[in-house]
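The sequence lines fix the lettering, A, B, ..., with proteins before strands; numbering per chain opens at 1. Side-chain atoms are counted along with the backbone in the values below, which use heavy atoms only and exclude waters and symmetry mates.
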Amino acid sequence: MNNHTRFRLVATLAGALALLPLAAHAARNWLLPSSTNVAGNNAWVTVDAAGSDDLFHFDHNAVALDGLRVYAPDGTAVEAKNQTTSKFRNTFDVQLDKPGTWRITILNDSVNANFRVGSESKRARGTMESVRKEIPADATEVSVSRNDTRMDVFVTSGKPTDTVLKPTGSGLELVAYTHPTDLVAGEKASFGFVFDGKPAAGIAVTVIRGGNRYRDQLGEIKVVTGKDGRFSVTWPEAGMYWLNANYPAREAGEEAGPAPGGRGPGAGQNAGGPGGGPNAGGGRRQQEGGTLDAPARRSSYTATLEVMTP
Amino acid sequence: MQLKYTLLAGAVIGAPASAADLKLSIEIPTLAMAEYHRPYVAVWIESNDQKFVDNLNVWYDVKKRDNAGAKWLKDMRTWWRKTGRDLNLPVDGVSAATRAPGEHQFSFSSSTGALAKLAPGSYQLVVEAAREAGGREVLRVPFTWPVKTAQSAQARGENELGKVTVNLQP
């Protein structure tokens, strides 16, 4: 490991620890719905929320449901039912009492600030409003970062609809040109990423089919969004897939979590890449250089998508 | 009971051969197992590039209270994606009760329902079967419409369907 690599790793790790408390664990976080397509007029789904290396086996951490939001096909927010917490997973039910596509999201959006008052270093954490109140007018060296993580699943009762697919305009979000509950093995699905509603270019997207516990290789699909923020995935086979991406754009192959590929030949490629130095430095600036009006931003997006047999 | 649903489905068992009827035979195999449920079966017409054209028949558990049998319609995944999810079953003339193992004969008239509206061309008659706690199978049998010369084609399933035969007489 040369100094360059070490610097990058340290920078990445520091950023992850400071800004991505969820991703700093080894685990991948996920939501797992019992179904993504349901029929009939009294449909329910149960959803597990957990973090683990093995998709989608709950064997490591539960994912908190504080940021849970459920949107009916008309876009109205509804209550999740039967929320339970346990050691390795939290679960809840959604009664799909209206036809169409539902969105189930866990959204966490937090602001961290470091600043000095006189000779004293201080920290504040919370919402933008609460952090703003905590920082006195005479504070110096104010450094503010905002970190949001979004996890989505989509469930359709009957015919798929589009209302809940529209991005909200905050953080990193999926744009579904192909309906996310209409995915079939062998077919190509077109998606995109937007950040704060604008196309997000150069975002590395990782797609992993569940069941990696029973495979020797992770078999992840890696794609990078184009200038228009778009990317596509051709599903090799049916199954539940974990889709993850992070903002700001990083080099392909660099995951927020532990990238199994990172220890292979790809690691050297990352370290030696022309963008390595500036990008790593950019990460530090992002981390330390934000202000209350323009906080440094980090955003993580995860979706669980079900691909059916043809 | 069976006759009632058959009539609803627009198909007549043992009807005399009349001009340009589509005769369909579907064999549901006998499967020896502790827990056997009759399969849900969908029969539809699609173009040669597999675009959905029209439904002929959907067999599901129509007797369950509150239409609860509709819950498993999605297990006929190909049909569900092409048309099932757009429907609100039961649909008169399309939905019918499930059937026991054996050979079932149907005759679809060219003067009513899907065939009356069918434009000239080459088509596939598609049969999809999905069984609770069991498997799924899709078979396609080609035919040309309208009927100018006698046609007979068949496909044979391996698991959830036996022989499916389409006979057309001008």
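- Residues of residues 152-164 of chain A having a heavy atom under 4.5 Å from any heavy atom of chain B, listed by number: A:G158, A:K159, A:P160.
- Cation-pi geometry between A:R28 and A:W242 is satisfied (NZ or CZ under 6.0 Å from the ring centre, within 45° of the ring normal).
- Among B:A70, B:G69, B:A68, the residue with the largest count of heavy-atom pairs under 4.5 Å with chain A is B:A70.
- A salt bridge links B:R81 to A:E187: at least one charged side-chain nitrogen sits closer than 4.0 Å to a carboxylate oxygen.
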B:F106/B:W59 under ring pair (Phe, Tyr, Trp, His ring centres under 6.0 Å): CA gap, chis, key distance, verdict: CA-CA 13 Å; B:F106 304 89; B:W59 314 350; 5.7 Å; yes
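- Under the 3.5 Å distance criterion, with hydrogens and angles disregarded, no donor-acceptor pair is assigned to the side chains of A:S52 and A:D54.
- Remark: B:E160 does not engage B:R136 in a salt bridge, criterion side-chain N to carboxylate O under 4.0 Å.
- For the set A:G40, A:A39, A:A43, A:S35, the count of heavy-atom pairs under 4.5 angstrom toward chain B peaks at A:A39.
- Of the residues listed (B:K51, B:Q124, B:R140), the one engaging B:E46 in a side chain to side chain donor-acceptor pair (under 3.5 Å) is B:R140, and it is the only one.
- Taking CG of A:L32 as the reference point, atom OG1 of A:T91 lies at 11.5 Å (rounded to 0.5 Å).
- The distance from atom OG of B:S107 to atom CG of B:D21, rounded to the nearest 0.5 Å, is 3.5 Å.
- Using a 4.5 Å cut-off between heavy atoms, A:N41 contacts chain B through its side chain alone, with no backbone atom that close.
- Proximity to chain A (any heavy atom under 4.5 Å) is restricted, for B:D66, to the backbone atoms N, CA, C and O.
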